[in-house]
Amino acid sequence: MPDFLGLPLPCWVLLRLAVRVSMTRILNTMQTASIKQVLGGEIAVGSEVTVQGWVRTRRDSKAGFSFIHLNDGSTFGNLQLVADKDLPNYDDEIRHLTSGCSLTCRGKVVESKGRGQSVEIQAGTVEVVGWVEDPDTYPVQPKKHSFEFLRTVAHLRPRTNTFGAVTRVRHAAARAIHEFFDEQGYYWINTPIITSSDAEGAGQLFRVSTLDLMNLPRTDEGKIDFREDFFGREAFLTVSGQLNVEAYCLAMSKVYTFGPTFRAENSNTARHLAEFWMVEPEIAFADLNDLARLAEDFLKFVFTRVLDRCSEDMEFFAERINPEAIERLRKLIETDFVRMDYREAVSILADSGENFEYPAEWGLDLQTEHERYLTEKHCKAPVVVMNYPDEIKAFYMRLNDDGKTAAALDVLAPGIGEIIGGSQREERLDVLKRRMAEHGLDAETYSWYVDLRRYGTVPHAGFGLGFERLLNYITGLTNIRDVIPYPRTPGHAPF
RNA sequence: UCCCCGGUAGCUCAGCUGGUUAGAGCGGGUGACUGUUAAUCACUAGGUCGUUGGUUCGAAUCCGACCCGGGGAGCCA
């Protein structure tokens, strides 16, 4: 028996237990279920449930009932509600439901008398939560829409089959990425969005400033005085978390970043966004071969999980978007990646007898047509091209002993080309300093980065993967603007 | 940024060698019919033909400029 004078704690425990029990009972009587649960057979036939969602289609039968297909985003399929004409709001409301209306339906789970679904809901009550103001102009109609049009209604496109599926696959892929790294002992490092350094020494940056553009403070020489700015210096949105994550790598050993990245490049293509998400793992005590293995394991893990958890969505992509969508992922999972040196790749291309538009020769980067030949014709497998000419690679990539190549790699996938780019990092203080000088980088800005080579440096390596490009590969959608909720491109940032 | 293509009903498009009142399918409304499944059938409403100048008796149609969108290239993730 609890002693209410001396020991109040057991009383609290009992009270909280009692509350929890009663809450559970309330929830059980309400039985609000997701459509995924109902269609997945989690709700027993014969039991009462409440479902909520948005109408996809309505069909009436003069025999005295209407069929309503409802979707709540929880799964690809729609749940069929059967609404009888005896319902009090049948004539006034139910027969006027159109695509996009939101509703709450309480009813009984029954085995379907029709074909096409195993279970359906015999509606007991149908409460219209939100009408569509003007059904005539509601943009998301039950018909085929162009992706181009749907981009203009980005706030409504998640109500379509395609974008619902993209949303679930995007989530599943993100989750798989975190799982992969977590299971292997990596730490997720939240590198800064605002930065004062340009990670590549190239690329256009978005400026971050609170200065009054109409009245800029000036130095004596007439230049803009950034000492007056919010951070007391110039600041930008990050173009990569790599440099920052390297520091954590040289303490935590295995780390990764996964977050938004910004590029102000004026490139308007199906593969570029001004704001996109990037995955960047970094491993210590590792070389380029370790990195190649990581990239291969990583891709195979993520694809396996997505196929496993989003089978219905993937079947939809295979049916409507790209017939190869599932098969090419399966094939990639089963196939060993081919590794070859850049030098070897160039000679294969030179001897191929193919009539390439651009030449393949030492010192030039591989073109899309070259990448496709290597993966689709020559190797018929994903290819990791390694050790590129030093001149075409960034300052932080490790100079190989030959003095001519950098320890960089690209993972090329059949059907899309480059999907991952990475390198072993230059860990030698003197070499790094020399290369920074050659690239004209400000030693002071990067002094902290150089410090990492001064204090307990180790060989380390990492790669970058554009998350949306990965999603394009998974879904078969060819435009990067269709795999991110609100795409930002030059001249375009609505919503 | 460069090259190519496009902008006609809420959406997808036809019409474009200039010539009465600009069409179809889907979607919306009304009705018929059916345990229906992107149902079917009938009727019906709905358009400043991207904007703007020009050529012409006459422009959705031809020409110029501009705006917007798409594809490709470069760059990259």
(request) Kindly state each residue pair satisfying salt bridge (charged side-chain N to carboxylate O under 4.0 Å, His left out) with at least one member in residues 473-492 of chain A, sequence neighbours excluded. (result) R151(A)-D482(A), R157(A)-D482(A)

(message) Under 3.5 Å, is there a donor on one side chain and an acceptor on the other for R425(A) and S423(A)?
(response) yes

(message) Can you pull out the residues from residues 272-281 of chain A that lie within a 4.0 Å heavy-atom distance of RNA chain B?
(response) H272(A), L273(A), F276(A), M278(A)

(message) Enumerate the ring-ring contact (aromatic ring centres under 6.0 Å, His included) contacts for residues 75-99 of chain A, please, sequence neighbours excluded, ordered by first and then second residue.
(response) F76(A)-F316(A)

(request) Check ring-ring contact (aromatic ring centres under 6.0 Å, His included) between W277(A) and all other residues, then give those that pass, not counting sequence neighbours. (result) F258(A)

(message) Let's see if you can work this out: which of A77(B), G70(B), G74(B) has an atom nearest to the side-chain heavy atoms of E418(A)?
(response) A77(B)

(request) Look only at the side chain of S74(A) and the backbone of K36(A), and say whether a donor-acceptor pair between them is shorter than 3.5 Å. (result) yes

(message) Does the structure show a Watson-Crick or G-U wobble partner for A73(B), both distances under 3.5 Å? Name it, or say none.
(response) U1(B)

(message) For T269(A), give me all partners under side-chain hydrogen bond (donor to acceptor under 3.5 Å, both in side chains), at least two apart in sequence or on another chain.
(response) H272(A)

Might you list the N or O atoms of the protein lying below 3.5 Å from N or O atoms in nucleotides 7-10 of chain B, with each pair's distance?
residue, atom, partner, partner atom, Å
G10(B), N2, Q141(A), OE1, 2.6
G10(B), N2, Q141(A), NE2, 3.3
G10(B), N3, Q141(A), NE2, 2.9

(request) Return the set of residues passing side chain to side chain contact (heavy atoms under 4.5 Å, CB included) with P158(A) (not counting sequence neighbours), or none when no residue passes. (result) none

(request) Determine which pairs satisfy ring-ring contact (aromatic ring centres under 6.0 Å, His included) with at least one residue from residues 97-146 of chain A, sequence neighbours left out, and list them in order. (result) H145(A)-F149(A)

Between the protein and nucleotides 65-69 of chain B, which nitrogen or oxygen pairs come in under 3.5 angstrom?
residue, atom, partner, partner atom, Å
G69(B), OP1, H492(A), ND1, 3.2
G69(B), O2', E148(A), OE2, 2.4

(message) At under 4.0 Å between heavy atoms, how does the protein contact nucleotides 31-36 of chain B? Give one character per nucleotide, 5' to 3', with B, S or -.
(response) -SBBBB

(message) Let's see if you get this right: which residues in residues 164-180 of chain A place a heavy atom under 4.0 Å from RNA chain B?
(response) none

(message) Applying ring-ring contact (aromatic ring centres under 6.0 Å, His included), can you list everything that pairs with F65(A), at least two apart in sequence or on another chain?
(response) F67(A)

(request) Could you check which nucleotide pairs with G53(B) in any of the strands shown, counting Watson-Crick or G-U wobble with both distances under 3.5 Å? (result) C63(B)

